[in-house]
Amino acid sequence: MTFAELRAGNLGVRLARDGAEVRAAQRLRAEVFFGEMGATPDAAARESGLDADAFDAVADHLLVLDHDRGDGPEAVVGTYRLIRREAAARLGRFYSEDEYDIGPVTAFPGEVLELGRSCTHAGYRTRGTLQLLWGGIAAYVFQHRIALMFGCASLPGTDLDANAAPLSYLHQHHLAPEALRPRALPGRFESMDRLPPGAFDAKRALLDLPPLIKGYLRLGGFVGEGAVVDHAFNTTDVCVVVKTDQVTDKYYRHYERKRG
């Protein structure tokens, strides 16, 4: 059983229903990550045209669909990968554990949810699409009684100096409480506290953050300690942690009112 599709005009959000829709999400991810963001595809990705890994088989895949394009795989214009404890246990780990010690997160009582592989087709990068995605996440959180969400979020590029202001802003203003704080693995740890307070424009640093990270912060999200440079994906990653009470209040209730 899953939540009913949420609609906003021609756009809808729901979980993938079959392998063809999952492949459409993987194809969109490849177009965005490899085609636009400068990530380096491995041999399998070059051959298949898909961004795919072992976690896709155990995950739920949230999709944004443009019903003007159809009602199945051809309609997929946005996606988010969702992994619960039960799914991660089938592989023995969460995806984020490649970069972070998430012990404080997995020790949290109640259900946790890892978010990742978020992307949207270039023609649909609007506030409305992002709000619809968040509405889908909120419905999923509500259905599965998720207490805590987490996952790696990315700043563009691998130049730590170029990302010094946003990294410093996040560390100084949104560091997770110690009891909930992931920490970058020792071999991959890069300090986020790169500039002293007052040495950069904090308001500008906030404004310049990617929309996804700003969305997490608006929901009271925190970041873990340390960034990780991901050369394969041409990104600088931070680990975000979000308690879900504000997610359901802000997004799920909103769509419930619209449907009611």
Side-chain angles (χ1 to χ4, degrees), residues 15-66 69-70 72-102 113-125 133 150-160 162-163 182 184-190 210-213 224 226-240:
L15 295 181
R17 293 173 176 164
D18 55 37
E21 290 186 345
V22 172
R23 285 190 294 278
Q26 293 168 330
R27 188 168 296 109
L28 175 63
R29 284 165 21 189
E31 291 169 2
V32 173
F33 299 150
F34 305 138
E36 295 182 40
M37 292 173 52
T40 304
D42 60 18
R46 284 195 298 271
E47 183 175 339
S48 67
L50 306 177
D51 168 54
D53 65 21
F55 290 91
D56 286 326
V58 301
D60 284 324
H61 298 266
L62 190 68
L63 306 177
V64 175
L65 304 149
D66 179 355
R69 299 169 62 141
E74 71 283 356
V76 174
V77 295
T79 184
Y80 229 128
R81 187 166 74 181
L82 313 177
I83 301 176
R84 286 181 285 146
R85 281 191 201 273
E86 177 185 330
R90 290 163 60 187
L91 292 180
R93 63 191 175 94
F94 284 99
Y95 176 80
S96 301
E97 290 180 80
D98 285 351
E99 298 186 349
Y100 284 87
D101 174 357
I102 60 169
L113 175 67
E114 183 180 48
L115 305 174
R117 285 300 204 274
S118 171
C119 68
T120 307
H121 185 285
Y124 295 82
R125 289 171 194 160
L133 267 171
F150 72 99
C152 292
S154 299
L155 297 168
T158 58
D159 185 338
L160 292 167
N163 282 319
L185 295 175
R188 307 195 69 178
F189 184 99
E190 299 286 355
L212 194 61
I213 295 180
V228 172
V229 173
D230 186 341
H231 290 284
F233 271 83
N234 191 34
T235 58
T236 299
D237 296 344
V238 297
C239 192
V240 179

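Taken from CG in D56 to CD in Q26, the straight-line distance is 4.5 Å, to the nearest 0.5 Å. Rounded to the nearest 0.5 Å, atoms CZ (R84) and CG (L113) are 8.0 Å apart. Separation of atoms CZ (F189) and OH (Y100) is listed at 8.5 Å; rounding is to 0.5 Å. Note that CE of M37 is 9.0 Å distant from SG of C119, once rounded to the nearest 0.5 Å.
With contacts defined as side-chain heavy-atom distances shorter than 4.5 Å, the pair D101/L185 qualifies. Taking 4.5 Å as the limit, every side-chain heavy atom of L91 sits out of range of all side-chain heavy atoms of E97. By the 4.5 Å heavy-atom criterion applied to side chains, R188 and D237 are not counted as neighbours. Two residues are said to be in side-chain contact when any heavy atoms from C-beta on lie closer than 4.5 Å; T120 and L133 meet this criterion. Residues P156 and N234 are not in side-chain contact: their nearest non-hydrogen atoms beyond the backbone lie 4.5 Å or more apart. Put simply, the side chain of D53 reaches to within 4.5 Å of the side chain of R117, judged on heavy atoms.
In this structure, S118 contributes its side chain and Y80 its backbone to no donor-acceptor pair below 3.5 Å. With hydrogens and angles disregarded, no donor-acceptor distance shorter than 3.5 Å links the side chain of E190 to the backbone of L160. Judged by distance alone, with hydrogens and angles left aside, the side-chain atoms of D51 form no donor-acceptor pair with the main-chain N or O of A45 at under 3.5 Å. Using a distance-only test at 3.5 Å, with no hydrogens or angles considered, no donor-acceptor pair links the side chain of D230 to the main chain of T235.
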Task: V240 and L115: CA distance, side-chain angles, deciding distance, side chain to side chain contact (heavy atoms under 4.5 Å, CB included) verdict - done: CA-CA 9 Å; V240 179; L115 305 174; over 6 Å; no
Q) Is there a side chain to side chain contact (heavy atoms under 4.5 Å, CB included) between T79 and V64 once you walk through the steps? A) CA-CA 6 Å; T79 184; V64 175; over 6 Å; no
Between L15 and L82, does the side chain to side chain contact (heavy atoms under 4.5 Å, CB included) criterion hold? Intermediate values first, please.
CA-CA 10 Å; L15 295 181; L82 313 177; 4.3 Å; yes
(request) Decide yes or no on side chain to side chain contact (heavy atoms under 4.5 Å, CB included) for H61 and V76, but give the supporting numbers first. (result) CA-CA 11 Å; H61 298 266; V76 174; over 6 Å; no
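Counting all heavy atoms, side chain and backbone alike, T236 lies closest to G157 at OG1-O, 2.8 Å. For the pair E74 and R69, the tightest heavy-atom approach, listed with the atom from each and the gap, is CG-O, 3.0 Å. Nearest approach of P210 to L155, heavy atoms of both residues: CD-CD2, 3.5 Å. Considering every non-hydrogen atom in both A227 and V238, the closest pair reads CB-CG1, 4.5 Å. Residues E99 and C152 approach most closely at OE1-SG, 3.5 Å, considering heavy atoms. Across G72 and L65, no two heavy atoms sit closer than the pair O-CD2, 3.8 Å.
The local environment of CD in E47 is sparse, with at most 12 non-hydrogen atoms from other residues, nucleotides or ligands closer than 6.0 Å.
Annotation: F94 is in aromatic contact with F150 [ring centroid separation under 6.0 Å].
Remark: the Y95 side chain and the R81 side chain contain no N/O donor-acceptor pair separated by less than 3.5 Å.
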